Chemist: 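The following block contains the structure, expressed as structure tokens.
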Amino acid sequence: MVRRRFSFGLVSRLSSPIYGRSPCSGGIWTPCLGQKRSFMTAKDLVESEEPEKKVTNRINMFSAINQALHTVLDSDPKSYVFGEDVGFGGVFRCTTALRDKFGRHRVFNTPLCEQAIVGFGIGLASMGNRAIAEIQFADYIFPALDQIVNEAAKYRYRSGNLFNCGGLTVRAPYGAVGHGGHYHSQSPEAFFCHVPGIKVVIPRSPSQAKGLLLASIRDPNPVVFFEPKWLYRLAVEEVPVDDYTLPLSSAEVMRKGSDITLVGWGAQLAIMEEACDEVSKLGISCELIDLRTLIPWDKELVEDSVNKTGRLLVSHEAPVTGGFGAEIAASITNSCFLRLQAPVSRVCGLDTPFPLVFEPFYMPTKNKELQTLGL
Amino acid sequence: MNGSKSMLKLAAAALSKGLQESPLKSGLAEKGNFCRTVFLTRRYSAECSGKETNPTSKKSDSGEIDVEIPVKFDLHLLESGPSQVTTTNKEELMKIYTDMQIIRRAEIAADMLFKSQMIRGFCHLYDGQEAVSVGLERALSYDDNVITAYRDHGIFLGRGGTVFELFSELMGKRTGCALGKGGSMHLYHREHNFWGGWGIVGTTPPLGAGLAFGQKYEKKPNVTAAIYGDGAGNQGQLFEAQNLAALWNLPLILVIENNHFGMGTAEWRSSKKTTHYDRVSYIPGIKTDGMDVFAVGEAFKLCKEHCLSGKGPITLEADTYRYHGHSMSDPGSTYRSRQEIQGMRQERDPIERVRKIILKEELATNEELKDLDKQIRHEVDEASAKAREAEFPGEEELFANIYKADSGLIVTGCDRKHSKVQMS
């Protein structure tokens, strides 16, 4: 396992694959050998390494995220965690024990002011620090949308690389939780996917969350990291105890198949896995892909997969119109048109505000997936 | 000093020591040490020398009762405040008592309904703050606009909403005031100009500024009360709204229900300045005892006069307290001591104060008041039972009212994947 000291110049390398099946992790890691990145950052090729047995702990997602934050604050003295109520551990316990261990000057509460939290984070990051800002719920990220879109995303570009806020990571719990209602359940990832200059990363499980969060914090670009709040306690997995990162802009094939490609992210993958299990009984082999990074996304992997299967289904909780599934659909239709056997389908949330009592109708459930798969 | 001493001892100590020093000098609150929050009752004990718990009133021969308002109003950029004595009569007192008791019982019933999972989602309870809602209604009419944040059950009932509509909405039933689609945080009353029930913290001041502009433009003799909490006091859009309202001279009353805790964060941990009425150097303000319905009423009267005389916006800070936690998932005792909550109930409870006046002036006997309490409890229970039997909104409501006149919204496919809106 390669362990490196991190500064902004270096790029994280994949340390080790994740072993162990669990409902949420989705199985064996597939090496992406020799993949070209047609996108964006000056990123080295991902090297695959020999899988080794890792020491793991069985923990849930908020504990995994907590471990990642501990690791970052440990390894880099110029990293800070701040947001509303993070001091006592946060409303989802992701920041437990950080303040006790690292002190009030590195882990501190902010008042109730999202726009200022992110703006302050941008300033802090510009000074070469790792600013890890927490927005208590993704539904409240909108006052900060201006700072993220107009300042964080454009700083490096418009200053001709004189300045940047790459050390900024904005973490927010997103997504439905069963009883959240209008303002504790939204999935706003599509708003951010429209902005060149930032990265949007969404993990699907505890081990993924730890690796992706460490990679996001150490990435030299501002990252918005959405954590599926439904999985904070629900997803339990064997998570390696050491410091490891997973590559950004690299999608992962959770299960190989030959008949249809399914693409998703976050908590939705658990639903899609159930659907895949059901249709496999009927002999349909599904290839399930976790996008992991929404922008810049791993187009090559998805294209390769669709070129193999000829069909694509995209699924996300956010409303269907203008959701990120639309971008994937348009892009794949463009590049794989002659290979496609059927139009690209999207199984997503309805085009309504996230409802209160109607949540079961709104959500893209397993049955909706099955119906779209044609059963 | 820790919170384990009894409130009486503290009150005595406070009286002997004179006025307390500012809590801001005490430094940061330690974990597990609630001494900082004890000041909330100690200060009042010191200032009022017992008048809080024994309100003074005087009955004249005409049946009018003069009630003294013990806590002085704090003024900012105002030459004179409201009178420290208010006049009322038996009818008003009984109405005030009934209104506040209805709010109290409704909140307690909502607590039980939530725990038995009849209410899902969120529930932010208003008990302890009844005086603000009822005091507001003393001064403002149903033609004045009121807009508030998510702790809106009490304001909704004050604005004339029925308990049945409230419970229906909390349970998500079709008979609720928002057809069950809003829930606890989104209550509305169209006829009585209650504009809701808003979830995002800090959103009501700019909205209130817009409402006030509309009133001014139509030359209505009415004002808008935009209510927010101490947690919202640091949101950016509040400052923007303050500037707008002052620049354009809008008849806007910015009401802060300061219950001193933003979720679990005490005001001195989140704000450099813990008072709100005097934050803006160009908007006058008044701070009142939010647990005294007469004080709140007088303050609102002054504010309404101020706005209608064309002097522009004004801030009203109501120093109040919520007995429950922030919401039903918050016990409310991890950041405040039980002694403090008990102390508030004993010394500053709004309903107790009015009850004492009623009993002192012999407007009703103890038994009559008890009967009234029982009757109110019975009505609230009935409303809750009726709401439980009501229906949920039908499936057609899922797509209704996303746009106006959305009769053109066509949905096809059993997963409702394909929908289009006809703009007619």
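It should be emphasised that the depicted structure is a prediction, and the values quoted were computed from it without experimental measurement.
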Chemist: Heavy-atom cut-off 4.5 Å, strictly under: side chain, backbone, both or neither for A/N367 against chain B?
Modeler: neither
Chemist: Is it true that the side chains of A/E114 and B/Q235 contain a donor and an acceptor less than 3.5 Å apart?
Modeler: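 There is such a pair between these side chains.
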Chemist: Say you draw a straight line from NE2 of B/H186 to NE2 of A/H182; how long is it, rounded to the nearest 0.5 Å?
Modeler: 5.5 Å
Chemist: Quick check for you: among B/G172, B/G121, B/G236, which has the greatest number of heavy-atom pairs under 4.5 Å with chain A?
Modeler: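 It is B/G121.
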Chemist: In Å, rounded to the nearest 0.5 Å, how long is the span from OG1 of B/T334 to CZ of A/F88?
Modeler: 7.5 Å
Chemist: Of the backbone (N, CA, C, O) and the side chain (C-beta and beyond), which part of A/Q136 lies under 4.5 Å from a heavy atom of chain B, both, or neither?
Modeler: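 Contact with chain B is through the side chain of A/Q136 alone.
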Chemist: Around atom CZ of A/F191, are there more than 12 heavy atoms from other residues, nucleotides or ligands closer than 6.0 Å?
Modeler: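 At most 12 heavy atoms, drawn from other residues, nucleotides or ligands, come within 6.0 Å of this atom.
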Chemist: Could you check whether any side-chain heavy atom of B/M263 comes within less than 4.5 Å of a side-chain heavy atom of A/V91, counting everything from C-beta outward?
Modeler: yes
Chemist: Which atom pair, heavy atoms only, marks the closest approach of A/L356 to B/G182?
Modeler: CD2-O, 3.1 Å
Chemist: Nearest 0.5 angstrom please: A/F358 CZ to B/F392 CZ, how far?
Modeler: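 If we round to the nearest 0.5 Å, A/F358:CZ and B/F392:CZ are 10.0 Å apart.
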Chemist: Which pair of heavy atoms, one from B/N234 and one from A/P111, lies closest together, and at what distance?
Modeler: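 For B/N234 and A/P111, the tightest heavy-atom pair comes out as ND2-CB, 3.9 Å.
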Chemist: Where do B/T265 and A/D85 come nearest, in terms of heavy atoms and distance?
Modeler: OG1-OD1, 3.1 Å
Chemist: For B/F122 and A/H179, which heavy atoms make the closest approach, and how far apart are they?
Modeler: CE1-O, 3.9 Å
Chemist: Is the CZ atom of A/R93 crowded by more than 12 outside heavy atoms at less than 6.0 Å?
Modeler: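 No, CZ of A/R93 has 12 or fewer neighbouring heavy atoms, counting only those of other groups under 6.0 Å.
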